[in-house]
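Remarks on the structure that follows.
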Amino acid sequence: MNRYTEPRAHLISLLQHAVSLALPGNTGVIELDRPKQSSHGDFACNIAMQLAKTLKRPPREVAQAVIAALPASNLLDKAEIAGPGFINLFLKPAAWQSLATHILSQGDAWGRLDLGRGERIQVEFVSANPTGPLHVGHGRGAAFGASLANVLAQAGYQVHREYYVNDAGRQMDILALSTWLRYLELCNEFVPFPGNAYQGGYVRTMADSIAALHGDRYKRAAAEVVAGAPDAESDAEGRLDALIANAKRLLGADYAYIHGFALEEQLGDGRNDLTEFGVVFDTWFSEKTLHESGLIDRAVESLRHHGHLYEQDGALWFRSTAFGDEKDRVVRRDNGIYTYFAADIAYHLNKFERGFERVIDIWGADHHGYIPRVKGALSAAGADADRLHVALVQFAVLYRNGQKASMSTRSGEYVTLRDLRAEVGNDAARFFYVLRKSDQHLDFDLDLAKSQSNDNPVYYIQYAHARIASVMNAWGGVEADLLDAEVARLEQPQEIALLKRLGEYPGVIAIAAQDYAPHTLAYYLKDLAADLHGLYVACQFLVEDEALRDARLALITATRRVLKNGLALLGVSAPDKM
RNA sequence: GCCCACGUAGCUCAGUGGAUAGAGCAUUCCCCUCCUAAGGGAAGGGUCGCAGGUUCGAUUCCUGCCGUGGGCGCCA
C-alpha cells in the first residue's frame with residue numbers, strides 16, 4: 001500500500017523540530033513557499049532570514065544550524081543553503097508518487113477541506129429586479145456567486161444560497177404600469193408610452209397574455225389614466241409616478257393582479273434561465289414579506305431605540321455619518337413609505353437572526369458606496385457588521401469582432417444572459433465569467449468563447465478530460481485494480497510535474513475559498529490540463545509493461561478526478577468525448 | 001471635488017514581502033506509421049504607470065502624482 005503524507009505539513013514539522021533543537025527559545029513562524037525555479041528545490045524556507053536579526057548571526061549561519069538539526073525523513077532528499085539564507089528543500093520522488101493512488105482511494109474526498117468547520121454561511125447573489133430578462137451583467141454575478149458557493153461548500157462551510165427578490169419597490173410598479181399600458185393599447189386605449197417605462201418586447205408579450213386570459217376586464221379610458229399627470233417634457237419621473245397612482249386608483253384590487261402577474265412572469269423567467277445556467281438557490285427571499293411581517297418597522301424601531309434616528313423635512317433619517325458614511329440616509333420618505341435602504345436593513349438583520357455566522361453579499365460594483373450605510377445600520381442596531389462581507393462584481397463587457405455591446409434594461413436594448421448562453425454555450429459562459437478576478441472589469445470575447453480551438457481555455461481543459469476518458473476506454477480495465485499500482489514507476493519529468501500539480505489542488509481550494517476567488521481554480525485547471533497534455537505527448541500510457549501501464553493509468557485517472565471535480569465546482573461539464 | 005478599484009510582454013490577463021516576474025493569443029521555427037494535433041516543443045518580446053518611503057530584501061506594503069473605469073438620489 002502506498003501511504004501518502006502531505007509534504008508541506010510534514011516539512012513544517014521537521015523544520016519546527018530543527019529550530020527548537022538548534023535555536024532553543026526561538027519560535028519564528030515557519031513559512032514554506034514554492035520556488036519558481038526547480039533548481040531552488042520543491043519548497044523554500046526563509047526562517048533563517050527571519051531569525052537572523054534577533055539572533056544577531058548571519059542568516060546563512062542560522063540556516064546551516066537549522067539544516068544540521070533536521071530529523072531524518074523518508075520524504076526529504078536534501079536541504080541546501082542558498083542565496084541570502086534560504087533553506088531549499090528537495091523531496092524524494094516518493095513524496096509525490098503515492099499521490100496517484102492516494103487520490104484514487106480518496107475519490108471525491110480529495111480536495112474536500114474542513115476549513116469552514118461546518119460554519120453556516122449565506123451567499124446572496126444575483127438578486128436582480130424581476131423587471132425583465134437577466135442580462136449579461138447578472139450572468140457574471142450568477143456565475144461568480146454559484147462558483148464561490150460551491151468552493152466554500154467544498155472547503156467545509158455549510159452554504160446557503162439566496163436570491164433577494166425586489167418585489168416591493170417602484171421599479172416593480174413601473175413594470176406593472178408598462179404592462180398595463182401595453183395591454184390598454186390592445187384594447188384600443190392609447191396612452192403615449194413613457195420613454196422611461198420598460199420598453200422591452202417581453203412587456204408586450206405579458207400584455208398579450210393578460211388580454212388573452214381576461215379580455216378587456218382591465219380596460220380603462222386613456223384620458224383617465226393620464227388625468228392630472230405632469231407632461232413628460234417637464235417632469236418625466238413625476239409623470240410616471242402619477243400614472244402609477246392613477247393605475248392603482250382606477251384598477252383598485254385589480255392592480256395587484258397586474259403587478260403579481262408581471263412579477264411571477266419575470267421571476268419565473270429568471271429562475272428558469274438561472275436553472276438552465278446551473279445556478280440554483282435554496283431561498284428566494286421576498287422584499288414584500290419584510291413589509292408585511294413588520295420586520296422593517298422592527299428594524300427602524302431598533303435604530304430609534306439606539307438613538308440613531310431623527311426627523312427632518314418630514315422624512316425619517318438614519319444618522320449613518322456616525323458610522324463612517326459620508327452623509328445621513330433617509331429610511332422613511334416624507335410620503336410615509338420606507339426606502340429600499342430601510343428594507344435592506346431589516347433584511348440583513350433577519351439574515352443574522354436566521355443564524356448565519358457569516359453573510360456574503362455579492363453586489364454589482366456600482367453599489368460599493370452602499371456598503372458603509374448598510375454596515376453602519378447593522379452596527380447601529382447592535383449587530384456585528386464584521387460578519388457581513390460584500391464581494392463586488394464589475395460589469396462584463398461583451399465584444400464581438402472588437403465591437404462593444406452596452407446594455408440598458410429600460411431601453412430594452414441589451415444582450416440577455418439567455419442570448420449569451422445560446423451563443424457560446426453554458427460551459428464557456430460559466431468559465432469565462434470566472435476567469436477574471438470578480439472586482440475587475442471583464443472583457444468577454446464572444447468569438448473566443450465560441451471557438452472550438454486551443455485558444456479557448458474551456459475546450460483545452462475539457463479536452464484533457466476527454467483524452468483521459470478515451471485512454472481509459474481503450475484500456476477497458478477496472479479502475480479499482482489501479483489502487484495497487486506500483487507508483488514508484490512514475491519517474492518521467494512530466495509524470496512528476498503532474499503529480500506535484502495534483503498535490504496543489506487542496507491548497508487551491510483553500511485559497512479560492514478564503515479569498516473569495518474562484519478564478520484561482522480556473523487558472524489551476526488550465527495548468528493541470530497543460531501538464532496532462534504535456535505528459536500525453538511525451539509518454540504512451542497503454543504500454544506492454546503492465547506495471548508501468550497501471551502506474552500511468554492510476555496517475556491519469558487521478559488527474560481525471562481532479563479535472564472533473566474542479567470543473568464541477570465552476571459549473572462546467574467534463575465530457576468523455578469531444 | 002470626495003470615495004473605491006485598476007495600471008505587469010504587441011493584445012487579453014495571472015502572480016508574489018524574497019533569488020533569473022509568468023500563461024494564452026499574436027510572430028518565427030519544429031513534432032502525428034502510435035491511446036483524440038481541440039495536442040506538444042523551441043525562439044524572440046518587460047525600466048511590473050512615475051516619484052518618494054518602510055524593509056536585510058518591494059513589482060507586492062505606505063504616501064504623493066499621472067492615467068483609465070466606476071460610485072457619490074427621499075432610485076432600487
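The chains referred to below are lettered A, B, ... by the order of the sequence lines, with proteins before strands, and numbering in each begins at 1.
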Steps toward side-chain contact (heavy atoms from CB on, under 4.5 Å) verdict (A/Tyr523, A/Thr520): CA-CA 5 Å; A/Tyr523 277 91; A/Thr520 56; 5.8 Å; no

Each nucleotide of nucleotides 28-35 of chain B classed B (base within 4.0 Å of a protein heavy atom), S (only sugar-phosphate) or -, in 5' to 3' order, makes ------BB

Side chain to side chain contact (heavy atoms under 4.5 Å, CB included) partners for A/Ala79, two or more places apart: A/Ile67, A/Leu70, A/Ile87, A/Leu89

Just the atom pairs and distances: protein N or O near nucleotides 7-14 of chain B's N or O, under 3.5 Å.
residue, atom, partner, partner atom, Å
B/rU12, O2', A/Arg436, NH2, 3.1
B/rC13, OP1, A/Asp443, OD2, 3.1
B/rC13, O5', A/Arg436, NE, 3.3
B/rC13, O2', A/Arg436, NH1, 3.0
B/rC13, O2', A/Tyr523, OH, 2.6
B/rA14, OP1, A/Lys437, N, 3.2
B/rA14, OP2, A/Gln440, OE1, 3.4

Which atoms of nucleotides 58-61 of chain B (N or O only) lie under 3.5 Å from a protein N or O atom, and what are those distances?
none

Would a distance-only check, ignoring hydrogens and angles, find a side-chain to backbone donor-acceptor pair under 3.5 Å from A/Ser286 to A/Lys288? yes

Residues touching RNA chain B, which here means a heavy atom under 4.0 Å, drawn from residues 313-322 of chain A: A/Asp313, A/Ala315, A/Trp317

Give a yes-or-no answer on whether the side chains of [X] and [Y] include a donor-acceptor pair shorter than 3.5 Å.
| X | Y | result |
| --- | --- | --- |
| A/Asp361 | A/His367 | no |
| A/Gln171 | A/Asn166 | no |
| A/Tyr310 | A/Asp328 | yes |

Rounded to the nearest 0.5 Å, what's the gap from CG on A/Asp167 to CD on A/Glu264? Could you check? 9.0 Å

Once salt bridge (charged side-chain N to carboxylate O under 4.0 Å, His left out) is applied, what residue pairs with a partner in residues 38-51 of chain A remain, sequence neighbours excluded? A/Asp42-A/Lys500

Could you name each residue pair satisfying salt bridge (charged side-chain N to carboxylate O under 4.0 Å, His left out) that touches residues 310-325 of chain A, not counting sequence neighbours? A/Asp325-A/Arg329

Quick one: salt bridge (charged side-chain N to carboxylate O under 4.0 Å, His left out) partners of A/Arg552, sequence neighbours excluded? A/Glu495

Any donor-acceptor N/O pair under 3.5 Å between B/rG70 base and A/His368 side chain: yes

Record whether the side chain of A/Asn88 comes under 3.5 Å of the base of B/rA19 through a donor-acceptor pair of N or O atoms. yes

If the condition is ring-ring contact (aromatic ring centres under 6.0 Å, His included), which residues does A/Trp363 pass it with, not counting sequence neighbours? A/Tyr370

Determine the Euclidean distance between corresponding C1' atoms of B/rG64 and B/rA19; express it in Å to zero decimal places. 31 Å

Whole-angstrom distance between B/rU12 and B/rC30, as gauged at atom C1': 27 Å

Using a 3.5 Å cut-off and no angle test, enumerate the donor-acceptor pairs between side-chain atoms of residues 441-448 of chain A and protein atoms at least two apart in sequence or in another chain.
residue, atom, partner, partner atom, Å
A/Asp445, OD1, A/Asp447, N, 3.0
A/Asp445, OD1, A/Leu448, N, 3.0
A/Asp447, OD2, A/Asn401, N, 2.9

Do A/Lys351 and A/Glu162 meet the salt-bridge criterion of a basic N to acidic O distance under 4.0 Å? no

By nearest nucleotide on RNA chain B, pick out whichever of A/His40 and A/Val330 is the more 5' one. A/His40

Chi-angle category of B/rC29 [syn within 90° of 0, anti beyond]: anti

Please list, chain by chain and in numerical order, all residues satisfying side chain to side chain donor-acceptor pair (under 3.5 Å) with A/Asp297, sequence neighbours excluded. A/Tyr338

For nucleotides 55-57 of chain B, print each protein N/O atom paired with a nucleotide N/O atom at under 3.5 Å, atom names and distance only.
residue, atom, partner, partner atom, Å
B/rC56, OP1, A/Lys53, NZ, 2.6

